Amino acid sequence: MSHRSLFRRPEAPVPVIFYFFGAFLFFFFTLPVNGWRPWPNQKPNATELLYGGSKKYEGSSEFVHLKYHMGPVLTANITVYPIWYGRWGNSQKRIIRDFISSFSAVDSKRPSVAGWWKTVQLYTDQTGANISRTVHLGEEKNDRFYSHGKSLTRLSVQSVIKSAVTARTRPLPLNPKTGVYLLLTSDDVYVQDFCQNVCGFHYFTFPSIVGYTLPYAWVGNSAKLCPGTCAYPFSVPSYMPGFKAVKSPNNDVGVDGMISVIAHEIAEVSTNPLVNAWYAGQDPSFPVEIADLCEGIYGTGGGGSYTGQMLNGKDGATYNMNGVRRRFLVQWVWNHILNYCSGPNALDQ
């Protein structure tokens, strides 16, 4: 998922043949896990009413019952495979590459992206093994000619991934155990439910479509379609009069807005890759995951329409973490040991 939860049911997935009927029911009725922002002016639903307090405020909440459901998590070295769908500039690619490389850059200036990732590393599998400390930037695939069109459904997103791993030239490696396939759509591509609160989602591919079960995430560039929705606070929606947008740290509102959504989805796909590991709530079709619980919180005191304490550079840019060669604004994630949202830029750190 990503910022603020308003779960929307996508078109019914294609049935997959499983060895056990119970497994069939789980995979058939479990839906892609959504990510979105911003959090202000959102219509509540059952999940929002249950977890709203923890999602709007930094403090701990006795109402949050994040549980481990015995599924696998990504404990071995994680490799992220970017798929660049549409038109991407070299400078835009460098921002996102540097961000992914920052996850394991332990020598970055504090507060750092690597420090943020340490909270994700606290999560374990049933053997007690932690989420991997290491996140690699893997091979990349370009789809400059929109091979599946400029309007994608949730299922055709999987077809784009299939094209990337089955390409005749330089196909992406098949890595179902430690790989995360990151589909990034350019600012002229519309994905089902994009801008209607949805800015990204994660799930796993169906063998009936791709041939393999691969954890993946999609994040879109909202610069032209809905920056006020998916690039907040670098752009402000019209329904928030009086709020002023802040300056993005890398001078690209769309891509800087994507960074936090990418972080959100990678954190959740690592702790819940098959939607049967770490989440709150009783229904795996509507899970509330470790980043959902902290949507819109970027610093101490965050909650509601307030981002919390962030940092301002000498150039006037707003950020909260340092990474490889750059600064980034990244939302916090839920610390299940302390039972509240945390980040490396917390004032008590």
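The first residue of the sequence shown is numbered 1, and numbering continues consecutively from there. Given the structure is predicted, the values throughout are model-derived calculations rather than measurements.
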State, to 0.1 Å, how close [X] and [Y] come at their nearest heavy-atom pair, and which atoms those are.
X: C294; Y: W332; answer: CB-O, 3.3 Å
X: V135; Y: S104; answer: N-OG, 2.7 Å
X: G254; Y: A223; answer: CA-CB, 3.9 Å
X: A245; Y: V236; answer: N-CG2, 3.4 Å
X: G220; Y: M258; answer: O-CG, 3.5 Å
X: S159; Y: H148; answer: O-NE2, 3.4 Å

Are any non-hydrogen side-chain atoms of [X] and [Y] less than 4.5 angstrom apart?
X: T213; Y: P176; result: no
X: P72; Y: N276; result: yes
X: I209; Y: T205; result: no
X: I96; Y: W84; result: yes
X: W334; Y: T119; result: no
X: Y81; Y: K141; result: no
X: S270; Y: V73; result: no
X: S342; Y: V333; result: no

Hey, what do you get for [atom1] ([X]) to [atom2] ([Y]), rounding to the nearest 0.5 Å?
X: N339; Y: H65; atom1: CG; atom2: NE2; answer: 9.0 Å
X: H69; Y: Y279; atom1: NE2; atom2: OH; answer: 4.0 Å
X: D256; Y: N250; atom1: CG; atom2: CG; answer: 4.5 Å
X: R133; Y: N77; atom1: CZ; atom2: CG; answer: 10.5 Å
X: Y216; Y: E265; atom1: OH; atom2: CD; answer: 10.5 Å
X: N175; Y: T79; atom1: CG; atom2: OG1; answer: 5.5 Å

Donor-acceptor under 3.5 Å ([X] side chain, [Y] main chain):
X: K247; Y: D315; answer: yes
X: Q331; Y: A291; answer: yes
X: N130; Y: T124; answer: no
X: E268; Y: D292; answer: yes
X: Q158; Y: F206; answer: yes
X: S102; Y: V324; answer: yes
X: N272; Y: A277; answer: yes
X: N142; Y: R144; answer: no
X: T318; Y: V246; answer: no
X: N320; Y: V330; answer: yes

According to a 4.5 Å side-chain heavy-atom criterion applied to Ile, Leu, Val, Met, Phe, Trp and Tyr, with indirect links allowed, do [X] and [Y] form part of one hydrophobic cluster?
X: Y319; Y: Y298; value: no
X: L122; Y: I266; value: no
X: I290; Y: I337; value: no
X: V113; Y: V106; value: no
X: W278; Y: M70; value: yes

With a sphere of 6.0 Å drawn around [atom1] of [X], does it hold more than 12 non-hydrogen atoms of other residues, nucleotides or ligands?
X: Y212; atom1: OH; answer: no
X: K150; atom1: NZ; answer: yes
X: K162; atom1: NZ; answer: no
X: R97; atom1: CZ; answer: yes

- L329 and F234: CA distance, side-chain angles, deciding distance, side-chain contact (heavy atoms from CB on, under 4.5 Å) verdict: CA-CA 10 Å; L329 184 66; F234 305 125; 3.6 Å; yes
- Hey, which of W88, Y85, W218 is the one that makes side chain to side chain donor-acceptor pair (under 3.5 Å) with T185? W218
- Message: Do the side chains of E140 and K93 get close enough for a salt bridge, i.e. N-O under 4.0 angstrom?
- Response: no
- Message: What verdict does the side-chain contact (heavy atoms from CB on, under 4.5 Å) test give for Q92 and N221, after you've listed the backbone C-alpha separation in whole Å, the side-chain angles of each residue and the deciding distance to 0.1 Å?
- Response: CA-CA 10 Å; Q92 294 178 314; N221 186 336; 3.8 Å; yes
- Non-neighbouring partners of R94 that pass salt bridge (charged side-chain N to carboxylate O under 4.0 Å, His left out), sequence neighbours left out: none
- For the Cys pair C230 and C195, is the SG-SG distance shorter than 2.5 Å? no
- Item | Step-by-step side-chain contact (heavy atoms from CB on, under 4.5 Å) determination, L184 to I262 | CA-CA 9 Å; L184 303 164; I262 290 171; 3.9 Å; yes
- Task: Report the C-alpha separation of T271 and H336 in whole Å, then their side-chain angles, then the decisive distance to 0.1 Å, and conclude whether the side-chain contact (heavy atoms from CB on, under 4.5 Å) test is met.
- Result: CA-CA 12 Å; T271 54; H336 70 297; over 6 Å; no
- Item | Y190 and F194 aromatic ring geometry - parallel, tilted or perpendicular at 30°/60° bounds | tilted
